[in-house]
Each structure stands twice: as C-alpha cells, then as structure tokens.
Amino acid sequence: MRYRSPRGTQDILPELQPYWHHIVQSAENIATKYNYKKIDTPMFEDTDLFLRGVGEGTDIVEKEMYTFLDRGGDSLTLRPEGTASICRAYIEHGMHTLPQPVRLYYIAPAFRYERPQRGRFRQHHQFGLEAIGDGSPIIDAEIIELAYQYLYSAGISKMQFMINNIGDKSCRPMFVNALVEFYKKRLDDICEDCRLRFSKNPLRLLDCKRTDYLCQQMIGDSPHTVDYLCTECDEHWNRLLSYLDSLNINYIINPRLVRGLDYYTKTVFEVHPQESGSQTALLGGGRYDGLMEELGSKPVPGIGFGSGIERIVGELRTNKNFVIKELIPDAIMIHIGSPASLEVIKIASSLRNEGMNIVIAPDGRSLRGQMRYAESMKASYVIIIGQNEIDSGLAQVKNMSNGTQKSCPINELSPDSFSNID
RNA sequence: GUGAGCGUGGCCAAGUGGUUAAGGCGCCUGUCUGUGGCACAGGAGAUCGUGGGUUCGACCCCCAUCGCUCACCCCA
C-alpha cells in the first residue's frame, strides 16, 4: 500500500463514530448544565505561547512539539494541549471585562510528536474546559464534580479519581527543598533516571515507577506536598476536600500526583480507569493561578482539565457496555430498466423529503442482485419498480422482515405506504 | 530517543528452501432470464512490506531499510 495515514494518526471509521458521537454529546450536555460555553481556537499558535505557557522544562516542550516555520519564517506549533490557547484567547479578547469567572469548553485535536503505542497518538482529541477568573476552591469542586459527571455519563462508571495539592509559588519551594534534603543522603539507592530528576525537576521523583531500585520505598517515605502548604494553600485544600465530601465524590488523595506541566498550582487531579496499566489517564487537570501572568496578563486565577476522547472510546470498547445502533435504511428502491430508474430517483427524493432514509439499489444489477443488496443493507422495506410497474402505475412494496408484499400506486408512495404490510 | 515482537489479497490466516502461494470472512455473478436471508457452483482480488545477499532454486535462510504493535520515558 502506497499511502497510509501518518504515523500516530488514525481514521475514525464509520463503525467507531457512534462512540465519538456519544462521548461528545455527554461532554456538551454536561458542560452546558454548568453553563460552560464553547470556544474554538486555531489548531496552531506561535511557538512562543507554548514555550511560555506549558513551560520550557516540560517533556512536551523539550521533545514533543510539532513545530514548523511557515513561508514567512514565523515559528508555529500545532497545539500540544488546550489551556495555553484558551488563556491567550481570554487575554486577546479582553474577557476580563466579562462577568468572572469565564467558563469555557472545547473539543479539539491536540498534537504531540511521540512514539505511538496503546492509548497514545500523535494526533488525539480532547474535551477540555477552563474556568478563568475565580480562585475559590468552590470552583475547583465544581470542575471536579463536572469531570466526574462527564465520565460517568459517557459510560465510565468505575474510576480512580486522584487529587493532590502541590502548593503555589510561595510554599512549593519549601516542599521541594524538603524533598531534596530527603533524597540527598540516599542518592545511591535510587535509579539513574531519578538521579537526573533530582537535579533537574525534583518534584518528578515522586512519579518514578521503577521497582529495581529503592525508588518506591523512597517515595513511600518521602515528605508529602500537603504537609508543606502555606496558610492560603492549606485553607484552599481543606475547603476543597469538604466540598467534595459534601458532594459525595469518591476521591483518592495521592501524594505522588505532581503532573507534568509547569503551570499547575494548588489543586491537581487525574482520573484513571479502575484497572489501569500505563498511560491510561482518561482525564487530567488542575489549577493554574500563575499562568495568565506568565502570558503577560494581570494575575488571573484559573482551573481546568483535559480529557482524551480516544482513551475513553478505548475504555468503552474494552468494557463492551455501550450498545451501538446501526444506521439502517427504511427502504431500498429497486429498479429494472431506464424508465424505472428515472421514476425511482424522483420517488426516493420525495420520500427523503418526508423524513425517510432511502437508498437506491445499485444500477445494472438483476432484481435478484438488488434484493441481495437490500438484504445486506438490512433494510426494512423494498420498493420494486420495473417495466410492469411503469405500465400498470403500481409499485411493489415489500416488507423484508416477513416477506409480504402489496402494490401501491406509484404516484401515491409516501411514508404511509409502509404502515400496514403484515 | 531506548528496547522487544511482528510484516502473506480489504480482513483473518496456512505454507518455514523446490512445479500454477491453501483455506475462511467479505465483495460480485450464476443455479432462480422479475424477488432477499439457506445451499451449491463460479469470479474478481497477492509483484508474499521494500532493497540487497546466500543458493541451481527463496514466502521460507542472512543483512539492511521502512512500517506496525507493545514496553520505557512522559502524558490525554
């Protein structure tokens, strides 16, 4: 085969469309209940937006961006995630003059240059949403509840909803300091990746999954972010937990959850299916109170999440608890001879105008061949018009499920013609 | 970027050195010259991922390359 879809991309074939439709409907339905409004932003942005927004030290920026120069020499990047673009739009369109917070959602493709594997693609699609302009933990609770409702209504009933608080710029340095102190004396016990993390990005020491060194034991004994929160972050954290408790949301406090993007502050969360291996996160997000300032605005707090639609489709398919209904024609038009074909395209057109799903059988096949076609399409009814029918003015209408057939005047064919053929 | 496994018609898949590369699904046709589902018969569709090498001879062995899949890193 000469051409294939580019590496890490995929065609969403008709048989998978019902899953997508269902998930997108759940997303829009839930978002609308919480009064989030839809926004679309360009598929690419100035590269600099992501360098600043996502953070220069992150894996996304260091090795995963789809960056290119356009004909004018400007550096552009296919968006690797949604939040930076939304914040740019908020600033660009002066949304700080709207009632705060501004609630927005999007359904859009995202791009990362990675080696594809299960649940990971170079182009994937995200449903995400952001609440910008309110730093209260009541918004955190709203977003988390919304995320839960969305996954639940999409068909994910069993999930691990993990949350943590990683502090802000005033208290996180103290935690990182404590973490570094804790690891400093035991560098020989941890894997080489962790030694790299130690010097580059200590927070991610907590992310290590290797079991061939003492990393796991170290993580278990290491300090917890929530023990080092400043007064403000601590109060935020406690209020959020009490909101979640009063909403009866099941969450797991995961002190190891630190997330890969630089912009997160305070609340972070991630959702995995009940049985999960690697890269199974269905949804992830958190608060980003410093991001707008980083992008050149006055300080404006924000929080949001992104969820991977492909991964949710994958979950629904493996659990097989989603019933797909096929698109089946109401009737197939069978025609023998060219006078009949002339008649049939007109009838098909008028029946469609009355709301029916009509397919004209392939031209040039025998009656038998066209009947076989109708059978394979699982059509409920068939309308047969040949020379006899043209001459008599009476079409044959056949009920495919029980085989009974009756004649009906060609110029009176309508949705009612199918109603009483038993 | 690192490591492993795998590449035979649209899909599944046999063949592992030797004349025309099984079979199944699907598609089309006929038996039934104007009536489907079943059955039977037939047809179309493959330069065996690509390039090189070994050999009298390669789908099969060797090398390279590309692609796919999975894992690591990290994430949706």
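Within every chain, numbering begins at 1; the chains are lettered A, B, ... in the order of the sequence lines, protein sequences first and strands thereafter. Only this structure's heavy atoms are used, side chains among them; waters, hydrogens and symmetry mates stay out.
- The shortest distance between the side-chain N/O atoms of A:S366 and the OP1/OP2 oxygens of B:G30 is below 4.0 Å.
- Between A:E310 and A:R120 there is no salt bridge, since none of the side-chain N atoms of the basic residue sits less than 4.0 Å from a carboxylate O of the acidic one.
- The same atom, C1', is picked in B:A14 and in B:C48; the two are 13 Å apart, to the nearest Å.
- Atom CD of A:E310 and atom C1' of B:C75 are 14 Å apart (whole Å).
- Rounded to whole Å, atom C1' of B:G36 lies 14 Å from atom CE of A:M377.
- When the nucleotides B:U35, B:G34, B:A76 are ranked by their closest atom to the side chain of A:Q387, B:G34 comes out on top.
- At distances below 3.5 Å, at least one donor-acceptor pair connects side-chain atoms of A:E81 with backbone N or O atoms of A:T83.
- Both cation-pi conditions hold for A:R122 and A:Y113: the charged atom is under 6.0 angstrom from the six-membered ring centre and inside a 45 degree cone around its axis.
- With both ends at atom P, the span from B:A46 to B:G10 equals 7 Å, rounded to whole Å.
- Note: CZ (A:R372) to P (B:C28) measures 9 Å, nearest angstrom.
- One P atom belongs to B:C59, the other to B:G17, and the distance between them is 13 Å to the nearest Å.
- A salt bridge is defined here as a Lys NZ or Arg NE, NH1 or NH2 lying under 4.0 Å from an Asp or Glu carboxylate O, and A:E114 with A:K63 fails to meet this definition.
- One atom, CD of A:Q117, and another, P of B:G67, lie 17 Å apart when rounded to the nearest Å.
- Comparing A:Y373 and A:R311 against RNA chain B, the residue whose closest nucleotide sits nearer the 5' end is A:Y373.
- Each of B:G37, B:C68, B:C28 was ranked by its minimum atom distance to the side chain of A:R365; first place goes to B:C28.
- Not one side-chain nitrogen or oxygen of A:R4 sits closer than 4.0 Å to the OP1 or OP2 atom of B:C68.
- A distance of about 29 Å separates the P atoms of B:A76 and B:A4, rounded to the whole Å.
- Look at A:R118 and you'll find a side-chain N or O under 4.0 angstrom from OP1 or OP2 of B:A71.
- For RNA chain B, if you chain together Watson-Crick or G-U pairs that step i with j, i+1 with j-1 and so on, the runs of at least three with distances under 3.5 Å are B:1-7 with B:66-72, B:10-12 with B:23-25, B:27-31 with B:39-43, B:49-53 with B:61-65.
- Taking the P atom of each, B:A22 and B:G15 are spaced 14 Å apart, rounded to whole Å.
- Contact annotation: A:R368 side-chain N/O to B:G36 OP1/OP2 distance is under 4.0 Å.
- For the C1' atoms, the distance from B:G49 to B:C32 is 44 Å, rounded to whole Å.
- With hydrogens and angles left out, the side chain of A:R115 and the base of B:G3 share a donor-acceptor pair within 3.5 Å.
- Residues from residues 18-27 of chain A placing a heavy atom under 4.0 Å of any atom in RNA chain B do not occur.
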